Amino acid sequence: MCYILRFVIPFKRPAPILLILLLILAPAGCQRQPAPLVRARFLLDTLVTIKSYDVDRLKRSTLDAAVNPAFGRMKTVERRLNVYDKKSETAKLNRLAGRGDALKVSADMWMALDASKQVAKLTGGAFNPAIGPVTRIWRFGAGRRVPPNDELRRALEAVRPDKIIMDSEAHTVRLGLRGMLLDLGGIAKGVAVDRAAEVLRRRGLKHTLVTSTSSTKALGPKPGGQPWLIGIESPRPKRRPGLIGVIELRRGSISTSGDYQRFFIKHGRRYHHILDPKTGYPAGGFMSVTVVTTHSAAFADALSTGLAVMGRRRAMALVEKLPGTGAVFVDGAGKTWVSAGLKNKLHELVKRVK
Ligand code: AMP
Ligand code: MG
């Protein structure tokens, strides 16, 4: 019954007569598509899913032999980058801050810092991998305390991305100031998704999607060149799952950052986990930002975090200049904004989130 699926999320809104015709004709001409292989694990503090339509090209055993190491690779990224794990490379670098010792780092750490620096530059410092001293004070998920301004001001003095010293020949990193703390929470999922995709591609998978809720990467389209349909979560759903739109993705990455992913409400105000490096307080003027790009998932992940901080006007102006990249921005009033290049890939967009 493949036509049922086809009408759950229509690609375009066909005229009603065409719709009825398709409904009648579809079952007769419809080649049954084999069910995809779907595997899920709890990793990186979220549910990670690998979905593959390579089932008719490759044997189930080949697929399983690719999927398990891909999850394993993501676990390695998590172990290396997670600031809350005392044994991680991030924690080691943080302990060495200001001591003059450089640490030889893994390719994952290098990739994370390299992409972070690139996105930090693009966003004028809105994405800031050295935000650790401030995120440590807020302790999202654990504390419900709103820190006073002077405490945040003091912490901001140690937020110095210019003091992340990378030696590309020796592959070492050093944090040049005592009290500095890296926090790669804004890019780690993207790095993990990229690494999983590398493993899957090396093992011959093509029509495959890796998704860790907020970060997604398509290795290629579904069989026959059909796009994957990726829902954009509503930042204020009346019931779950609530979507504000659906994006077509054939190849590339998507990332969403939102004020609804980790937050608490105090005295009627929402305090969330994406912090403005200028003030130390949660970024205002947005509910969510979704980036769609032909570039890496790491780039998409860092960029969506940075755009959230920049605010709608500056964020959308930047996106319009970036090749192969588009965005859907939900502003503080719930209004949705779509970059020019994305309009024909987006369906069922809600104009205002209430
Ligand atoms: P994401 O969900 O990818 O937007 O990332 C949010 C996470 O990134 C937070 O939980 C922090 O760990 C970290 N973070 C918060 N503010 C920033 C910022 N301005 N730049 C970079 N990382 C940040
Ligand atoms: Mg991010």
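Remember, it's 1-based here, ligands and their atoms both numbered in the order they're listed. Since the model is a prediction, treat every value here as computed from it, not as a measurement.
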At what distance is the nearest protein heavy atom to atom 20 (N) of ligand 1, and which residue and atom is it?
Asn128 N, 2.8 Å
the protein heavy atom lying closest to atom 19 (N) of ligand 1 turns out to be Leu275 O, 2.8 Å
With no hydrogens and no angle check, just 3.5 Å: does a side-chain donor-acceptor pair link His272 and Gln261?
no
Suppose we measure from atom 13 (C) of ligand 1 to each protein heavy atom; which comes out shortest, and what is that distance?
Gly186 N, 3.8 Å
Hey, could you give me each pair passing ring pair (Phe, Tyr, Trp, His ring centres under 6.0 Å) that has a residue in residues 41-85? Not counting sequence neighbours.
Tyr53-Trp228
Among protein heavy atoms, which sits nearest to atom 11 (C) of ligand 1, and what does the distance come to when rounded to 0.1 Å?
Asp183 OD2, 3.6 Å
Shortest protein contact, atom 1 (P) of ligand 1 (heavy atom only)
Thr305 OG1, 3.3 Å
Among all protein heavy atoms, pick the one closest to atom 10 (O) of ligand 1 and tell me residue, atom and distance.
His273 ND1, 3.0 Å
Using every non-hydrogen atom in the two residues, find where Ser257 and Asp301 come nearest and quote the distance to one decimal.
OG-O, 4.5 Å
By number and element, which atoms of ligand 1 are closer than 4.0 Å to a non-hydrogen atom of Ser257?
1 (P), 3 (O), 4 (O)
Consider ligand 1: state whether an atom of it lies below 4.0 angstrom from any non-hydrogen atom of Gly306.
no
Partners meeting salt bridge (Lys or Arg N to Asp or Glu O under 4.0 Å) with Glu151 (sequence neighbours left out)
Arg145
Within 45° cone of Phe329 ring axis and under 6.0 Å: Arg312 NZ or CZ
no
Starting from the Mg ion (ligand 2), count all protein N, O or S atoms within a radius below 2.8 Å.
4
Under 4.0 Å between heavy atoms, the region of Gln261 that gets near ligand 1 turns out to be side chain
among protein heavy atoms, the one nearest atom 3 (O) of ligand 1 is Asp301 OD1, 2.9 Å
Lys217 with Asp194: basic N within carboxylate O range, under 4.0 Å:
yes
Going through the checks in order, is the salt bridge (Lys or Arg N to Asp or Glu O under 4.0 Å) test met by Asp162 and Arg160?
CA-CA 5 Å; Asp162 55 311; Arg160 292 286 299 273; 3.0 Å; yes
Assess whether a salt bridge exists between Arg174 and Asp167, defined as any Lys/Arg side-chain N lying under 4.0 Å from an Asp/Glu carboxylate O.
no
Under the salt bridge (Lys or Arg N to Asp or Glu O under 4.0 Å) rule, collect the residues that match up with Arg95, sequence neighbours excluded.
none
Starting from atom 23 (C) of ligand 1, find the nearest protein heavy-atom neighbour and note its residue, name and distance.
Ile131 CG2, 3.8 Å
Show the atoms of ligand 1 that are less than 4.0 angstrom away from any heavy atom in Ala126.
18 (C), 19 (N), 20 (N)
Under 30°, 30 to 60°, or over 60°: which ring-plane class applies to Phe264 and Trp138, parallel, tilted or perpendicular?
tilted
Heavy-atom gap Pro277 to ligand 1 smaller than 4.0 Å
yes
Would you call Thr293 and Leu303 a side-chain contact if the rule is heavy atoms closer than 4.5 Å?
no
Run the salt bridge (Lys or Arg N to Asp or Glu O under 4.0 Å) check on Asp108 and Arg80 step by step: do they pass?
CA-CA 8 Å; Asp108 293 339; Arg80 286 174 172 163; 2.8 Å; yes
